[in-house]
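Below is one structure; the comments refer to it alone.
Quick note on labels: first sequence line is chain A, next is B, and so on, each numbered from 1.
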There are 2 protein chains.
Amino acid sequence: MVQVHVAQSFGLGCIVRTMYGSVRRTDDTVGRMARRQEVPRETRQTLTRADVTTAAIALVERDGLDALSMRRLASELRCAPMSLYTHVHSRDDLVDAIVGRLIERLDVAPNEGEPWQDAIRRMLGSYRDLAVQVPRAFELLALAPYDSSPVAPHLGVALAGLEASGLEPEQARQILGIVDAYATGFLVVWARSRTDGRAAAPSDAPASGIADLRDLETFDRGLEALIAGLDATLVGTR
Amino acid sequence: MVQVHVAQSFGLGCIVRTMYGSVRRTDDTVGRMARRQEVPRETRQTLTRADVTTAAIALVERDGLDALSMRRLASELRCAPMSLYTHVHSRDDLVDAIVGRLIERLDVAPNEGEPWQDAIRRMLGSYRDLAVQVPRAFELLALAPYDSSPVAPHLGVALAGLEASGLEPEQARQILGIVDAYATGFLVVWARSRTDGRAAAPSDAPASGIADLRDLETFDRGLEALIAGLDATLVGTR
DNA sequence: ACCTGAACACCGTTCAAGT
DNA sequence: ACCTGAACACCGTTCAAGT
């Protein structure tokens with residue numbers, strides 16, 4: 001007899017649910033499922049800031065931005081709401097942690113000898129990819145203030161990259177601001193419309209996939225128009 | 001002796017504060033102020049949806065978007081929270097009412113024989129003006145979904161105007177989407193940064209006014225670049 | 001038709017207390 | 001250091017009741 005001992009006393013840390021890596025199920029007899037024990041194993045280990053951040057992003061992607069509350073996140077992590085405050089100063093700090101996690105995925109590092117147009121395409125390409133991958137959490141990054149702690153350094157790197165491509169500092173600032181405004185406005189509205197059913201649909205790939213593709217094509221077209229226009233009116237005329 | 005009778009019984013409607021139309025005060029002696037009775041007159045009259053909407057916008061501009069709650073708005077109007085539900089179905093409906101009020105101020109009516117570039121400049125100029133005038137409530141309009149009840153008809157009018165300027169329907173749709181994305185992204189971030197002190201400062205005109213002007217110049221420059229680029233890559237090549 | 005208080009199921013966060 | 005329950009001051013909204 002297998003005895004699963006679930007300790008419930010204090011100070012032992014939250015229960016972190018360890019998922020099996022998507023076990024395929026080719027038959028669905030009820031008896032077999034029970035025999036296989038396809039129940040998520042629950043291992044007890046101490047919670048970290050990374051755990052909290054990961055769970056928060058998963059919660060947002062599953063249930064939407066409105067579902068991101070300290071209490072709900074705690075119940076997701078099977079711990080008391082106040083336990084979160086050991087790893088996160090406040091709800092705002094939690095959002096900063098999420099933004100920090102997402103911003104890492106952006107490609108802003110400068111490339112040797114790259115024209116500024118290509119640098120912009122590369123940066124905004126990764127921005128667009130992020131909107132595709134995490135459409136609901138994306139908004140937290142997209143609308144985060146420029147001077148928030150996770151955003152500011154990445155902005156500095158991006159600016160330095162543009163200057164390395166030969167733009168004047170003031171040109172780089174304006175161009176990045178303009179291009180970022182375009183991408184932010186486009187992608188936030190796009191991501192919202194894509195996830196407007198309040199909960200995430202399990203599989204909406206084929207039909208709406210075409211509409212998505214189409215809108216992202218418009219995104220790319222607008223970006224090319226913007227780059228061409230900036231080159232003609234801001235850079236070329238110097 | 002002037003007797004001010006403030007009825008407090010039921011069913012007589014909320015107290016609506018009627019402001020004097022910005023009475024100039026060239027002297028500020030305390031005694032005089034009292035003698036003049038420059039206290040807002042409080043007249044009892046029945047509340048309307050328009051009253052609720054007006055008060056909501058004023059509340060948002062004074063205390064920020066986070067302050068927009070049914071309970072707080074009710075206390076602002078000196079009535080019970082539940083009284084608001086006579087005029088507004090829900091908080092979301094209240095936001096729709098605000099968006100509807102703001103969107104009226106946009107200039108989207110088509111002009112006879114106007115090139116599409118000028119139509120875009122006119123529409124986005126009024127959009128930018130709105131961000132200047134109501135920077136905190138602006139976000140509600142800017143990020144409202146395209147298919148929300150107050151937004152959809154105005155979008156239709158704007159599209160018709162662009163088509164009247166000679167654009168193909170598909171061109172008009174793409175161009176409006178791209179240009180709106182740019183303006184939305186730019187102005188939302190701009191408006192947020194302008195009002196980041198959580199409460200509105202009483203008079204921050206001179207110093208930050210220069211920075212504002214500068215950023216709005218960048219907005220206009222970006223718009224011109226975008227129009228030029230769209231003309232070259234989307235319209236001109238046909 | 002319009003307004004109201006009590007109640008319900010939520011929030012973020014402080015505090016004192018546990019291990 | 002990490003976790004916890006109780007408590008406080010908030011939310012939006014339903015419901016039954018008042019005029």
Taking 4.0 angstrom as the limit, do B/Asp215 and A/Arg173 come out as a salt bridge?
-> yes
If pairing means Watson-Crick or G-U wobble with both distances under 3.5 Å, then the partner of D/dG18 is C/dC2
Base-pairing assignment for C/dA9 (Watson-Crick or G-U wobble, both under 3.5 Å) = none
Evaluate the ring planes of A/Tyr127 and A/Phe138, with Trp represented by its six-membered ring, and classify them as parallel (under 30°), tilted (30 to 60°) or perpendicular (over 60°).
-> tilted
Pick out which of B/Leu47, B/Leu59, B/Thr54 makes a side-chain contact (heavy atoms from CB on, under 4.5 Å) with B/Leu77.
-> B/Leu47
Check against side chain to side chain donor-acceptor pair (under 3.5 Å), A/Ser126 and A/Asp129 | CA-CA 5 Å; A/Ser126 65; A/Asp129 292 346; over 6 Å; no
Between A/Leu77 (CG) and D/dC2 (C1'), how many Å, whole number?
-> 15 Å
Should B/Arg49 and B/Asp93 count as an ion pair when the cut-off is N to O under 4.0 Å?
-> yes
Is any side-chain N or O of A/Ser83 closer than 4.0 Å to OP1 or OP2 of D/dT4?
-> yes
Can we say A/Arg72 and A/Asp63 salt-bridge, meaning some charged N sits less than 4.0 Å from an Asp/Glu carboxylate O?
-> yes
Take the protein atom CZ of B/Arg49 and the nucleotide atom C1' of C/dA1, then report the distance between them rounded to whole Å.
-> 16 Å
Side-chain N,O (A/His87) to OP1/OP2 (D/dC3) below 4.0 Å | yes
Tell me, for nucleotides 7-17 of chain C in 5' to 3' order, what letter each nucleotide earns: B for a base near a protein heavy atom under 4.0 Å, S for only sugar-phosphate near one, - for neither?
-> B---BBBBB--
Starting at atom CG of A/Asp51, determine the distance to atom C1' of D/dC3, rounded to an integer number of angstrom.
-> 15 Å
